[in-house]
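Report on one structure; see the data block that follows.
Model, not experiment: these values are computed from the prediction.
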Amino acid sequence: MSQSEQFASDNYSGVCPQAWKAMEAANRTDEPAYGEDSWTQRAADGLRSLFDTDCDVYFVFNGTAANSLALASIGQSFHSVICHELAHIETDECGGPEYASNGAKLLLGQGENGKLTPESIEHLVTKRTDIHYPKPKALSLTQATEVGTVYTPDELRAIRAVADKHRLNIHMDGARFANAVAALDVHPSEITWKAGVDVLCFSGTKNGLALGEAVVFFNRSLAEDFEWRCKQAGQLASKMRYISAPWCGLLEDDVWLQNARHANACAERLARGLEGLPGVRLRYPRQVNGVFVEMPEPVQAELRARGWRFYNFIGGSARLMCSWATSREQIDRFLADVQSLVGHPTI
Ligand SMILES: *Cc1c(COP(=O)(O)O)cnc(C)c1O
């Protein structure tokens with residue numbers, strides 16, 4: 001069985017052809033280092049034009065660095081950041097945000113389907129206001145969420161209203177921002193600066209790059225001295241063009257959006273095929289490129305024995321992720337395997 005028989009993660013996939021081509025083009029001539037090159041200028045301008053606003057753009061290696069440094073730029077070490085209890089910054093970044101900010105604390109909120117609610121935020125901000133508690137300064141939202149759901153523009157505006165009331169800046173972890181834009185069918189500005197997002201970490205990696213995330217400051221005052229923060233943290237690539245040129249490949253002809261639409265459509269096909277099978281139940285509504293599904297343990301074990309790779313998440317449900325590279329045939333092979341296993345008397 002080939003290595004591509006996986007729904008483990010969208011970051012198992014390789015580099016999409018358009019990004020690869022741009023990287024090759026960037027390799028033809030020498031260019032200034034440390035982001036002073038023409039590709040980085042083009043990619044940053046491309047993002048400004050995509051968001052239709054004059055934002056500040058920086059490129060770093062990965063999502064943990066993007067989130068950690070963006071959050072550090074929002075507050076001081078005695079501040080706190082409100083996020084959902086399932087947020088990647090809490091569960092999967094090894095304390096990176098706390099480390100980068102010299103100790104800012106994450107306050108964990110709740111909400112169905114991986115989404116923070118205005119009530120939960122309000123509760124966390126108001127439960128303590130004394131000097132002995134880290135002062136809430138930022139709100140971190142993951143769009144799309146860790147469980148494959150999206151915040152609608154209305155939900156974002158309701159959250160912004162609470163944030164305004166308590167003077168919180170909003171950070172958006174956009175590891176799957178492209179998938180959220182595709183799912184909601186909105187202009188990227190509608191779910192970022194028009195909804196009051198101050199800084200967005202926009203992932204290229206999960207969309208089809210080898211590496212590279214854009215940190216996009218809509219609130220430009222937060223970006224003051226950000227390049228020094230990146231440099232100190234070891235996040236200023238000297239050959240920056242190898243991060244930024246592939247971004248140009250993604251931005252041209254909206255490849256980023258096509259990649260996301262493809263991944264979302266694959267997950268939709270997968271979810272449709274799984275829904276209604278005996279013993280199989282979707283754990284969360286399928287909205288972007290991931291399907292979270294409860295299946296009997298022996299079925300999961302047999303799928304793995306047949307070579308399928310996927311992770312388990314929250315309470316044992318299987319997380320099936322699709323990417324720009326997922327194929328229809330691969331989905332149908334997986335569905336055929338599941339169909340042959342569920343309801344089987346010996347399983
Ligand atoms: C993948 C991911 C990131 C970034 O992870 P890195 O491995 O540090 O690049 C951030 N947030 C979410 C929700 C993710 O899924």
Item to complete: Could you note down all residue pairs passing salt bridge (charged side-chain N to carboxylate O under 4.0 Å, His left out) where residues 14-36 supplies at least one of them, sequence neighbours left out?
Response: none
Worksheet entry | Fellow cluster residues of Leu69, listed by chain then number, with links counted only when side-chain atoms sit under 4.5 Å apart | Tyr58, Val60, Leu71, Ile74, Val81, Ile89, Leu106, Leu108, Val199, Val215, Phe217, Leu222, Phe226
Worksheet item: Shortest non-hydrogen contact from Gln287 to Thr149?
Response: OE1-CA, 3.2 Å
Worksheet item: Are the side chains of Glu119 and His123 in touch, meaning some heavy atoms are under 4.5 Å apart?
Response: no
Item to complete: Taking atom types as modelled, find out whether Ser203 and Glu213 have a side-chain donor-acceptor pair closer than 3.5 angstrom.
Response: yes
Worksheet entry | Close side-chain approach of Asn62 to Thr205, heavy-atom, < 4.5 Å | no
Worksheet item: Is it true that Leu50 and Leu209 fall in one hydrophobic cluster, defined by side-chain heavy atoms closer than 4.5 Å?
Response: yes
Practice prompt. Answer yes or no: does atom CZ of Phe78 have more than 12 heavy-atom neighbours from other residues, nucleotides or ligands under 6.0 Å?
Written response: yes
Side-chain polar contacts of residues 174-185 - donor-acceptor pairs under 3.5 angstrom, sequence neighbours left out - could you list them?
unit_1 : atom_1 : unit_2 : atom_2 : d
Arg176 : NE     : Asp10  : OD2    : 2.7
Arg176 : NH2    : Asp10  : OD1    : 3.0
Asn179 : ND2    : Asn264 : OD1    : 3.1

Discussion item. So which atom in Leu200 and which in Phe218 form the shortest heavy-atom distance, rounded to 0.1 Å?
Written reply: CB-CE1, 3.8 Å
Worksheet entry | Co-membership, hydrophobic cluster, residues Val288 and Phe313, 4.5 Å side-chain | no
Discussion item. Is a donor from one side chain sitting under 3.5 angstrom from an acceptor on the other, for Asp154 and Thr152?
Written reply: no
Discussion item. Quick one, Cys266 and Asn289 - any side-chain contact, counting heavy atoms below 4.5 Å?
Written reply: no
Discussion item. How long is the straight-line distance from OG of Ser73 back to CZ of Arg229, given to the nearest 0.5 Å?
Written reply: 6.0 Å
Worksheet, complete the sentence: CG of Leu141 to SG of Cys83, rounded to nearest 0.5 Å, is 9.5 Å
Discussion item. Would you say that more than 12 heavy atoms from the other residues, nucleotides or ligands in this model lie under 6.0 Å from the NZ of Lys137, or not?
Written reply: no
Practice prompt. Find the distance between CG (Leu274) and CD (Glu294) and round it off to the nearest 0.5 Å.
Written response: 12.5 Å
Worksheet item: For Ala214 and Val57, which heavy atoms make the closest approach, and how far apart are they?
Response: CB-CG1, 4.5 Å
Worksheet item: Have His166 and Glu122 got a donor and an acceptor in their side chains that come within less than 3.5 Å?
Response: yes
Worksheet item: Does one side chain, of Ser68 or Thr64, offer a donor that lies under 3.5 Å from an acceptor on the other?
Response: no
Discussion item. Is there a path of hydrophobic side-chain contacts, each under 4.5 Å between heavy atoms of I/L/V/M/F/W/Y residues, joining Leu282 to Met321?
Written reply: no
Item to complete: Check the pair Cys322, Val291 against side-chain contact (heavy atoms from CB on, under 4.5 Å), reporting the backbone distance first and the verdict last.
Response: CA-CA 8 Å; Cys322 300; Val291 182; 5.7 Å; no
Item to complete: Apply side-chain contact (heavy atoms from CB on, under 4.5 Å) to Met172 and Leu156, showing your working.
Response: CA-CA 11 Å; Met172 183 170 272; Leu156 292 173; 4.0 Å; yes
Fill in: Linked, directly or transitively: Leu251 and Val15 (ILVMFWY side chains, under 4.5 Å)
no
Worksheet item: Is any side-chain heavy atom of Ser244 less than 4.5 Å from a side-chain heavy atom of Lys239?
Response: no
Fill in: Expected output: side-chain Ser101 to main-chain Glu98 donor-acceptor under 3.5 Å
yes
Worksheet item: Which pairs count as side-chain hydrogen bond (donor to acceptor under 3.5 Å, both in side chains) when at least one residue sits in residues 246-256, sequence neighbours excluded?
Response: Asp254-Trp256
Worksheet item: Are any side-chain N or O atoms of His262 and backbone N or O atoms of Asn259, one a donor and one an acceptor, separated by less than 3.5 Å?
Response: no
Item to complete: Output yes when Arg160 and Asp164 qualify as a salt bridge under the 4.0 Å nitrogen-oxygen rule, no when they do not.
Response: yes
Worksheet item: Is any NZ, NE, NH1 or NH2 atom of the basic residue among Asp54 and Arg220 found under 4.0 Å from an Asp or Glu carboxylate oxygen of the other?
Response: yes
Worksheet item: Atom CD in Glu224, atom CD in Glu227: separation rounded to 0.5 Å?
Response: 9.5 Å
Fill in: Rounded distance (nearest 0.5 Å) linking atom CD1 of Ile159 with atom CG of Leu139
6.5 Å
Worksheet item: Hey, is Arg309 close enough to Glu5 for a salt bridge, meaning N to O under 4.0 Å?
Response: no
Worksheet item: Would you say the side chain of Phe61 lies within less than 4.5 Å of the side chain of Gln235, judging by non-hydrogen atoms?
Response: yes
Discussion item. I'd like to check the ring-ring contact (aromatic ring centres under 6.0 Å, His included) partners of Tyr284; sequence neighbours left out, ordered by chain and number.
Written reply: Phe292
Worksheet item: Any salt bridge between Arg48 and Asp45, counting N to O under 4.0 Å?
Response: yes
Worksheet item: Is there a donor-acceptor pair closer than 3.5 Å between any side-chain N or O of Trp20 and the backbone N or O of Gly14?
Response: no
Worksheet item: Would you call Arg333 and Glu329 a salt bridge, taking side-chain N to carboxylate O under 4.0 Å as the test?
Response: no
Worksheet item: Does one side chain, of Thr326 or Gln330, offer a donor that lies under 3.5 Å from an acceptor on the other?
Response: no
Worksheet item: So, Thr29 versus Arg241: side-chain donor-acceptor pair below 3.5 Å or not?
Response: no
Item to complete: Determine whether the side chains of Asp198 and His171 contain a donor N or O and an acceptor N or O closer than 3.5 Å.
Response: no
Worksheet entry | Test item: Leu107 and Tyr133 side chains (from C-beta on) under 4.5 Å apart, heavy atoms | yes
Worksheet entry | Met295 vs Leu303 side-chain heavy atoms within contact, under 4.5 Å | yes
Worksheet item: Side chain of Thr145, backbone of Val150: donor and acceptor closer than 3.5 Å?
Response: no
Worksheet item: When Lys105 is tested against each of Pro134, Pro136, Pro97 for side chain to side chain contact (heavy atoms under 4.5 Å, CB included), which residue passes?
Response: Pro134
Worksheet item: Any side-chain hydrogen bond (donor to acceptor under 3.5 Å, both in side chains) pairs touching residues 315-324, not counting sequence neighbours?
Response: Ser13-Ser323
Discussion item. Nearest 0.5 angstrom please: Glu297 CD to Asn312 CG, how far?
Written reply: 6.5 Å
Item to complete: Please answer: with hydrophobic residues joined when any side-chain heavy atoms are less than 4.5 Å apart, are Leu341 and Val280 in the same cluster?
Response: yes
Item to complete: Taking all heavy atoms of Pro285 and all of Asn113, pick out the closest pair and write down the distance.
Response: CD-OD1, 3.6 Å
Discussion item. Distance alone, cut at 3.5 Å: any donor-acceptor contact between the side chains of Asp37 and Thr40?
Written reply: yes
Discussion item. Checking side-chain polar atoms at under 3.5 Å, does Glu93 have a donor or acceptor matched by the opposite partner on His88?
Written reply: yes
Worksheet entry | ring pair (Phe, Tyr, Trp, His ring centres under 6.0 Å), paired with Phe7, selected from Phe310, Tyr12, Trp308 | Trp308
